[in-house]
Asks: 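Let me give you the structure first, and then I'll get to my questions.
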Amino acid sequence: MTYRFLLFDIDDTLLDFKAGEMKSLGEMFTELHIPTSPVLEETYLRINQSLWQQYEKGEISREDIFHRRFVKTFKRMDIDADGLLAERVYHQKLDQQAVVIPRVTETLAALQDYELYIVSNGVEAAQLSRLRKSGLFQYFRDIFVSDTVGTPKPTKAFFTYVAQHIPHFDRHQTMIIGDSLTSDIQGGINAKIDTVWYNPHFTPNRSHIKPTYQLAEINDLTALLLANQD
């Protein structure tokens with residue numbers, strides 16, 4: 001199979017979201033004089049993950065995530081603080097984070113014979129800002145972000161929109177690369193396109209979601225693509 005169209009997730013595939021997330025959380029807690037602790041951080045991360053999973057399933061809106069996650073965290077931890085203010089401060093800091101995962105830049109530079117696109121759940125303005133700040137924006141022909149598309153990965157509607165906005169799109173020549181089984185890989189399965197699960201930590205896959213390929217190093221993508229040329 002010769003691939004032509006490569007769809008990339010952003011967070012924890014191209015940019016180290018977790019590093020930026022923890023840095024932004026710490027800075028926000030400090031600015032609002034909220035004593036931080038591992039328990040507080042873990043509580044927030046668990047609530048946030050649960051809300052994003054509900055969003056992927058279409059059960060809540062993206063705005064619901066931002067309105068609920070710190071409110072629920074502070075209530076769970078019995079902290080007297082304004083959850084919506086915490087969200088605003090956190091978002092301002094998070095939108096400035098653009099830590100590139102090692103070997104991503106050289107990998108994208110080596111793939112310029114392919115058509116590269118971004119497919120992301122998030123806020124388009126923030127994702128554009130982070131891509132520009134990271135220096136990665138130049139490698140992509142277009143970006144597709146859920147708040148603009150109007151529906152999240154992994155829905156079939158998201159990928160239908162993408163297909164309609166990529167000239168001469170052919171799903172048989174398309175591959176999605178991402179770290180999330182439930183968002184990226186399930187999305188690819190829903191869209192009937194091949195999938196690459198970027199799994200740098202060798203996390204066991206105990207789900208029913210089966211990727212076409214799996215990589216632990218992002219730069220191995222070039223060899224995978226060469227091996228699949230007709």
Side-chain angles (χ1 to χ4, degrees), residues 8-101 104 117-137 140 142-155 158 161 178-180 182-184 187:
F8 285 86
D9 175 49
I10 297 178
D11 292 318
D12 293 322
T13 301
L14 304 177
L15 301 180
D16 191 337
F17 180 79
K18 290 183 175 64
E21 179 180 41
M22 299 314 294
K23 185 173 185 291
S24 300
L25 274 177
E27 291 177 352
M28 180 272 288
F29 288 143
T30 298
E31 184 170 321
L32 298 184
H33 307 290
I34 299 171
T36 188
S37 69
V39 175
L40 173 58
E41 292 175 352
E42 177 58 33
T43 299
Y44 164 77
L45 292 173
R46 189 167 56 250
I47 288 172
N48 183 55
Q49 180 183 37
S50 175
L51 289 170
W52 276 104
Q53 288 172 346
Q54 291 177 60
Y55 172 63
E56 291 173 5
K57 295 175 183 177
E59 296 173 354
I60 61 174
S61 70
R62 181 176 52 82
E63 289 73 21
D64 288 332
I65 299 172
F66 304 148
H67 288 153
R68 295 179 187 180
R69 57 187 179 182
F70 284 109
V71 171
K72 292 185 70 172
T73 297
F74 294 158
K75 183 176 181 180
R76 184 80 51 84
M77 295 293 296
D78 197 24
I79 293 173
D80 183 15
D82 186 335
L84 297 182
L85 174 61
E87 180 65 45
R88 289 195 296 273
V89 174
Y90 171 71
H91 235 128
Q92 289 169 0
K93 298 181 181 301
L94 185 64
D95 289 352
Q96 301 306 310
Q97 300 296 328
V99 180
V100 182
I101 289 174
V104 160
Y117 296 89
I118 288 292
V119 288
S120 172
N121 281 343
V123 181
E124 182 166 322
Q127 299 296 52
L128 277 170
S129 173
R130 296 170 68 227
L131 285 171
R132 290 193 174 104
K133 185 175 181 179
S134 69
L136 301 183
F137 179 78
F140 296 94
D142 205 348
I143 77 165
F144 302 98
V145 184
S146 60
D147 75 323
T148 301
V149 173
T151 186
K153 293 182 297 180
T155 63
F158 179 96
Y161 180 98
D179 69 294
S180 171
T182 57
S183 176
D184 305 308

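Counting from 1, the numbers follow the sequence of the chain as shown. Note that the structure is a prediction, hence the values are computed from the model and not measured.
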Asks: Can a side-chain donor-acceptor contact be found between D179 and T13 if the only test is distance below 3.5 angstrom?
Replies: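 Distance-only check passes for T13 and D179.
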Asks: Which atom names give the shortest non-hydrogen contact between A126 and D95, and what distance separates them?
Replies: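 Looks like CB-OD1, 3.4 Å.
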Asks: Begin with the C-alpha distance, continue with both residues' side-chain angles, and end with the deciding distance and a verdict on side chain to side chain contact (heavy atoms under 4.5 Å, CB included) for L45 and M22.
Replies: CA-CA 10 Å; L45 292 173; M22 299 314 294; 4.1 Å; yes
Asks: Within the 3.5 Å criterion, strictly below it, is a donor on Y161 or T151 matched to an acceptor on the partner's side chain?
Replies: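 Y161 vs T151: no donor-acceptor pair found between side chains.
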Asks: Okay, side chain of S129, backbone of A125: is any donor-acceptor separation there less than 3.5 Å?
Replies: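 Between the backbone of A125 and the side chain of S129 there is no qualifying donor-acceptor contact (under 3.5 Å).
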Asks: If you define the side chain from C-beta out and look only at heavy atoms, does anything of Q97 sit under 4.5 Å from S24?
Replies: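 Q97 reaches S24 side chain to side chain.
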Asks: For the residue pair R68 and I47, establish whether any side-chain heavy-atom pair is separated by less than 4.5 Å.
Replies: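 A side-chain contact under 4.5 Å is absent here.
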Asks: If you compare all heavy atoms of G83 against all heavy atoms of F70, which two are closest, and at what distance to 0.1 Å?
Replies: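 Shortest heavy-atom separation between G83 and F70 comes out as O-CB, 3.5 Å.
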Asks: Any chance the rings of Y117 and F8 have centres within less than 6.0 Å?
Replies: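 Not close enough - the centres of the two rings lie 6.0 Å or further apart.
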Asks: For Q127 and R130, test the side chains for any donor-to-acceptor distance below 3.5 angstrom and give the result as yes or no.
Replies: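 The criterion, which ignores hydrogens and geometry beyond distance, is satisfied for R130 and Q127.
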Asks: Check the pair K23 / V99 against side chain to side chain contact (heavy atoms under 4.5 Å, CB included), numbers first and verdict last.
Replies: CA-CA 11 Å; K23 185 173 185 291; V99 180; over 6 Å; no
Asks: Looking at V39, is its backbone amide N or carbonyl O close enough to the side chain of T43 to form a donor-acceptor pair, meaning the two atoms are under 3.5 Å apart?
Replies: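 Side chain of T43 to backbone of V39: a pair is present.
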Asks: Which residue pairs pass the salt bridge (charged side-chain N to carboxylate O under 4.0 Å, His left out) test with at least one member in residues 118-127, sequence neighbours excluded?
Replies: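 Of all non-adjacent pairs touching residues 118-127, none passes salt bridge (charged side-chain N to carboxylate O under 4.0 Å, His left out).
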Asks: Do V119 and I143 make a side-chain contact, defined as non-hydrogen atoms from C-beta onward lying under 4.5 Å apart?
Replies: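 In short, these two side chains do not touch, never coming nearer than 4.5 Å.
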Asks: Would you please test D16 and D11 for side chain to side chain contact (heavy atoms under 4.5 Å, CB included) and show each step?
Replies: CA-CA 6 Å; D16 191 337; D11 292 318; over 6 Å; no
Asks: Can you tell if the side chain of N48 reaches within under 4.5 Å of the side chain of I65, non-hydrogen atoms only?
Replies: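 Heavy-atom side-chain distance check passes, below 4.5 Å.
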Asks: To the nearest 0.5 Å, what is the distance between CG (L51) and CZ (R62)?
Replies: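 Separation between the atoms: 13.5 Å.
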Asks: Does a side-chain heavy-atom distance below 4.5 Å link F66 with V123?
Replies: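 Yes, their side chains come closer than 4.5 Å.
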Asks: After noting the C-alpha distance and the side-chain angles of D147 and N121, does the key distance pass the side chain to side chain contact (heavy atoms under 4.5 Å, CB included) rule?
Replies: CA-CA 7 Å; D147 75 323; N121 281 343; over 6 Å; no
Asks: Enumerate the residue pairs fulfilling side-chain hydrogen bond (donor to acceptor under 3.5 Å, both in side chains) with a member in residues 81-93, sequence neighbours excluded, ordered by first and then second residue.
Replies: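 Output for this query lists E31-K93, R69-E87, E87-H91.
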Asks: Anything under 30° is parallel, anything over 60° is perpendicular, the rest tilted; go ahead and classify W52 against Y55.
Replies: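 W52 and Y55: perpendicular rings.
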Asks: When rounded to the nearest 0.5 angstrom, what is the spacing between CG in L131 and CD1 in I118?
Replies: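 That separation rounds to 5.0 Å.
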Asks: If you measure from CZ on R46 to CD on E42, what distance do you get to the nearest 0.5 Å?
Replies: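 Answer rounded to 0.5 Å: 5.5 Å.
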Asks: List the atom of T36, the atom of E41, and the distance in Å for their closest heavy-atom pair.
Replies: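 Closest approach of T36 to E41, heavy atoms only: OG1-OE2, 3.4 Å.
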Asks: Do you know the tightest heavy-atom contact between S134 and L15?
Replies: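 Nearest pair, atom of S134 first, then L15: CB-CD2, 3.7 Å.
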Asks: Sequence neighbours left out, what pairs pass salt bridge (charged side-chain N to carboxylate O under 4.0 Å, His left out) with at least one residue falling in residues 70-79?
Replies: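 Not a single pair qualifies under salt bridge (charged side-chain N to carboxylate O under 4.0 Å, His left out).
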Asks: Check this for me, if you would: do K153 and D9 make a salt bridge, where the nitrogen-to-carboxylate-oxygen distance has to be below 4.0 angstrom?
Replies: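 Salt bridge: yes.
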Asks: Under a 4.5 Å cut-off applied to non-hydrogen side-chain atoms, are F74 and D80 in contact?
Replies: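 Not touching, per the 4.5 Å side-chain cut-off.
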Asks: To check you understand the geometry: which heavy-atom pair defines the closest contact between F158 and V145, and what is its length?
Replies: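 Nearest pair, atom of F158 first, then V145: CE1-C, 4.3 Å.
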Asks: If we ignore hydrogens and angles and just use 3.5 Å, is the side chain of D184 paired with the main-chain N or O of S180 as donor and acceptor?
Replies: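 Such a contact is found between D184 side chain and S180 backbone.
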Asks: Determine the minimum heavy-atom distance between L84 and H67, stating which atoms define it.
Replies: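 Taking L84 first and H67 second, the nearest heavy atoms are CD2-O, 3.6 Å.
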